[in-house]
Participant: 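Below is one structure. I have some questions about it.
Order of the sequence lines fixes the chain letters, A, B, ..., with proteins taken first and strands second; residue numbering starts at 1 for each chain. Note that these values count all heavy atoms, side chains included, but never hydrogens, waters or copies made by symmetry.
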Protein chains: 2
Amino acid sequence: MSLATNAADKPTLYKRIRADIEKRILTGEWPPGHRIPFEHQLMARYGCSRMTVNKALSELAQADLIERRRRAGSFVRRPQHMSAVLKIADMRAEITALGRSYGYELIHRKLRAATAADRDRLGVKTAGKVIAIACRHSADDVPFAVEDRLIDLSSVPEAASADFAREPPGSWLLHHVPWTEAEHTISAIVADDRTAEALDIAVGAPCLVIDRYTWRSARTITAVRLLYPGDSHRLVARFKGG
Amino acid sequence: MSLATNAADKPTLYKRIRADIEKRILTGEWPPGHRIPFEHQLMARYGCSRMTVNKALSELAQADLIERRRRAGSFVRRPQHMSAVLKIADMRAEITALGRSYGYELIHRKLRAATAADRDRLGVKTAGKVIAIACRHSADDVPFAVEDRLIDLSSVPEAASADFAREPPGSWLLHHVPWTEAEHTISAIVADDRTAEALDIAVGAPCLVIDRYTWRSARTITAVRLLYPGDSHRLVARFKGG
DNA sequence: CACGATTATATGTCTAGACATATATGTCAA
DNA sequence: TTGACATATATGTCTAGACATATAATCGTG
């Protein structure tokens with residue numbers, strides 16, 4: 001333990017290069033638009049081959065921290081859009097993460113031929129059968145959210161035999177439909193009579209609404225509306241780039 | 001145009017490899033947990049060197065589509081958390097993107113020594129001076145959102161001389177504070193008297209609330225609360241992985 | 001059978017080259 | 001001044017190797 005740099009761990013070189021550059025960007029030392037040293041300059045500075053600095057810069061480019069332009073060089077990117085990563089975990093995970101006990105209750109489940117309203121809600125022209133589900137999630141036995149869901153059986157036929165009395169449809173889908181794409185819409189409403197009763201809140205109390213449409217390879221899978229008591233629930237999102 | 005594959009464009013090899021694998025994952029052909037062919041197998045299949053397949057796999061790993069384990073191989077990742085990318089653009093962009101005209105109005109601006117409440121809101125122990133701002137954004141001359149903001153001048157001293165009567169504080173900060181990290185909290189409330197008047201809605205109407213705390217390298221910069229009419233405004237988020 | 005030591009292997013990182021390609025820039029003519 | 005053309009250069013991709021390292025699997029031993 002004499003000659004070697006006494007740093008206990010030894011981060012690899014390309015990671016060190018990447019971290020060095022990232023730090024200068026994040027601290028503002030290299031503001032948006034600033035040109036990163038050329039690859040051959042970094043080669044000289046770190047005493048390594050071009051592939052090594054290239055790997056560091058490529059990862060920064062993939063992470064949208066820098067922009068690479070042929071012949072011109074690499075530049076610090078201007079924070080493009082203020083975007084936030086909103087974690088919308090499956091309901092059980094969301095509640096247990098808060099240190100509360102999770103409860104689930106199926107209110108109703110109906111398998112039916114798709115009505116015009118169903119097709120409209122799922123955004124499809126034709127649909128065979130659908131499952132309509134209403135259920136309630138609770139935390140420490142207090143209503144946490146009510147869920148109103150439609151599943152397109154022509155996309156997920158296995159859902160017909162799933163036991164939604166035992167497992168929430170969100171969890172079931174998460175485990176049986178591998179990769180999806182979706183769109184969320186968040187809005188606010190005030191509770192009507194039915195909602196108020198289901199959530200055990202006052203009529204006219206604010207509610208947070210999440211509408212989620214989920215596809216898999218361009219096939220609609222499910223449409224769901226989640227209603228949360230608006231003053232007690234909070235969606236938290238951490239984000240980077242602003 | 002005889003021997004060459006007549007594909008007009010020529011995507012590079014590693015991109016083709018990456019796309020091939022990504023497609024099999026996204027279609028579900030390779031479900032979560034499935035082992036990707038070993039690098040040496042892909043080398044043989046595509047007739048290229050190991051660095052080339054390694055680059056493809058590394059990018060998939062960086063994108064969290066696969067997980068790489070030494071000695072074991074590479075595996076399709078289970079969709080880890082249902083996360084959504086929420087685009088919360090700066091207000092002018094958000095409104096003009098809707099094809100509506102943007103209007104801005106400063107309601108008040110006050111520079112003061114930080115009170116205990118201010119420090120609490122900014123989440124800092126000590127703070128010198130702060131700027132408190134209230135303003136209103138409108139779309140086609142209809143109130144769109146009201147903003148209530150606190151800026152920590154010890155982090156952004158330049159803000160003291162900014163003309164917030166002309167430029168919204170959000171835009172100003174976006175252009176003067178290069179990189180930030182932030183946390184968003186979304187909730188719902190019902191409009192009280194003051195809010196109802198500012199947004200020109202009824203008392204008791206639902207409002208969407210976005211609370212945003214912004215840091216730069218561990219320094220608090222600003223805390224802002226945005227209030228939107230809840231039934232007319234919608235936050236839309238597209239996401240992947242579910 | 002349980003447990004520790006050994007070995008085989010897939011990934012992780014790196015090199016010193018190579019040619020391809022887009023493009024900023026300078027040159028020269030209209 | 002402007003537009004067409006040539007050139008230089010930084011990045012983009014790729015190779016055929018190398019050694020490092022974590023760990024799954026195997027082997028031996030008590």
Side-chain angles (χ1 to χ4, degrees), chain A residues 1 3-22 24-25 30 32-77, chain B residues 1 3-22 24-25 30 32-77:
Chain A
M1 59 126 67
L3 271 181
T5 60
N6 74 346
D9 57 344
K10 191 171 170 290
T12 59
L13 182 51
Y14 94 88
K15 281 183 181 165
R16 233 191 72 213
I17 300 174
R18 172 159 62 73
D20 283 357
I21 296 172
E22 190 172 332
R24 297 205 208 222
I25 294 174
W30 287 350
H34 180 270
R35 201 184 63 214
I36 306 272
F38 296 129
E39 291 189 351
H40 65 86
Q41 295 177 308
L42 292 169
M43 284 170 67
R45 177 178 311 178
Y46 289 94
C48 62
S49 80
R50 208 186 124 218
M51 278 300 285
T52 301
V53 306
N54 185 285
K55 176 156 187 165
L57 294 179
S58 293
E59 289 197 1
L60 289 169
Q62 208 191 336
D64 268 341
L65 270 174
I66 67 171
E67 185 188 349
R68 313 202 71 198
R69 290 207 296 271
R70 273 187 152 116
R71 169 65 209 255
S74 303
F75 302 84
V76 178
R77 272 183 72 100
Chain B
M1 58 121 74
L3 272 181
T5 60
N6 75 346
D9 57 343
K10 192 171 169 292
T12 59
L13 182 51
Y14 93 87
K15 281 182 180 165
R16 234 190 72 210
I17 300 174
R18 172 159 63 72
D20 284 356
I21 296 171
E22 191 171 330
R24 298 203 205 221
I25 295 175
W30 287 349
H34 180 269
R35 201 185 62 216
I36 306 271
F38 296 129
E39 291 188 351
H40 66 86
Q41 294 177 308
L42 292 169
M43 284 171 66
R45 176 178 311 178
Y46 290 96
C48 64
S49 80
R50 208 185 125 219
M51 278 300 285
T52 301
V53 307
N54 185 284
K55 177 155 185 165
L57 294 179
S58 294
E59 289 197 1
L60 289 169
Q62 208 191 336
D64 269 341
L65 270 174
I66 67 173
E67 185 189 349
R68 314 201 72 197
R69 290 207 296 271
R70 274 189 153 119
R71 169 63 209 254
S74 303
F75 301 84
V76 178
R77 271 183 73 100

Participant: Using side-chain heavy atoms (C-beta onward) and a distance below 4.5 Å, is E22(B) in contact with E59(B)?
Facilitator: no

Participant: Over its full length, what angle do the end axes of the helix from dC1(C)-dG30(D) to dA30(C)-dT1(D) make, each axis taken from five pairs and the result rounded to 10 degrees?
Facilitator: 20°

Participant: What is the distance from CG of L42(A) to P of dC14(C), rounded to the nearest Å?
Facilitator: 14 Å

Participant: Check whether any side-chain heavy atom of R68(A) lies under 4.5 Å from a side-chain heavy atom of N54(A), and answer yes or no.
Facilitator: yes

Participant: Give, for atom CG of L57(B) and atom CZ of R50(B), the distance between the pair rounded to the nearest 0.5 Å.
Facilitator: 10.0 Å

Participant: With a 4.5 Å cut-off on side-chain heavy atoms, are Y46(A) and T52(A) touching?
Facilitator: no

Participant: Would you check if V53(B) and P37(B) make a side-chain contact, meaning some heavy-atom pair closer than 4.5 Å?
Facilitator: no

Participant: Does dG12(D) have OP1 or OP2 sitting under 4.0 Å from an N or O in the side chain of K15(B)?
Facilitator: no

Participant: It should be established whether K55(A) places a side-chain nitrogen or oxygen under 4.0 Å from OP1 or OP2 of nucleotide dC14(C).
Facilitator: no

Participant: Can you tell me the distance, in whole Å, between the CD atom of E39(B) and the P atom of dA22(D)?
Facilitator: 17 Å

Participant: I want to confirm an ordering. Mapping I36(A) and C48(B) to their closest nucleotides on DNA chain D, which one lands closer to the 5' end?
Facilitator: I36(A)

Participant: Are I21(A) and L42(A) side-chain neighbours, meaning at least one heavy-atom pair lies under 4.5 Å?
Facilitator: yes

Participant: Expressed as a whole number of angstroms, how long is the span from E67(B):CD to dA22(D):P?
Facilitator: 17 Å

Participant: Taking the side chain as C-beta and beyond, is there a heavy-atom pair between H34(A) and R24(A) under 4.5 Å?
Facilitator: no

Participant: Would you give a per-nucleotide map of nucleotides 17-27 of chain C, 5' to 3', where B means the base has a protein non-hydrogen atom under 4.0 Å away, S means only the sugar-phosphate does, and - means neither?
Facilitator: -B--BSBB---

Participant: Looking for any heavy atom pair under 4.0 Å, which part of the strands does S74(B) touch: base, sugar-phosphate only, or nothing?
Facilitator: sugar-phosphate

Participant: If I take atom OH in residue Y46(A) and atom P in nucleotide dT15(C), what distance separates them, rounded to the nearest angstrom?
Facilitator: 14 Å

Participant: So which nucleotide from dC14(D), dT15(C), dG12(D) ends up closest to the side chain of R68(A)?
Facilitator: dG12(D)

Participant: Does T12(B) place a side-chain N or O at less than 4.0 Å from the phosphate oxygens OP1/OP2 of dT13(D)?
Facilitator: yes

Participant: Can you find a pair of side-chain heavy atoms, one from R35(B) and one from R69(B), that are under 4.5 Å apart?
Facilitator: no

Participant: Assuming nearest nucleotide by heavy-atom distance, tell me which of N54(B) and H40(B) is located more 5' along DNA chain C.
Facilitator: H40(B)

Participant: The side chain of T52(B) lies closest to which of these nucleotides: dG12(C), dT15(D), dT15(C)?
Facilitator: dT15(D)

Participant: When you compare the side chain of L60(B) with that of S74(B), does any pair of heavy atoms fall below 4.5 Å?
Facilitator: no

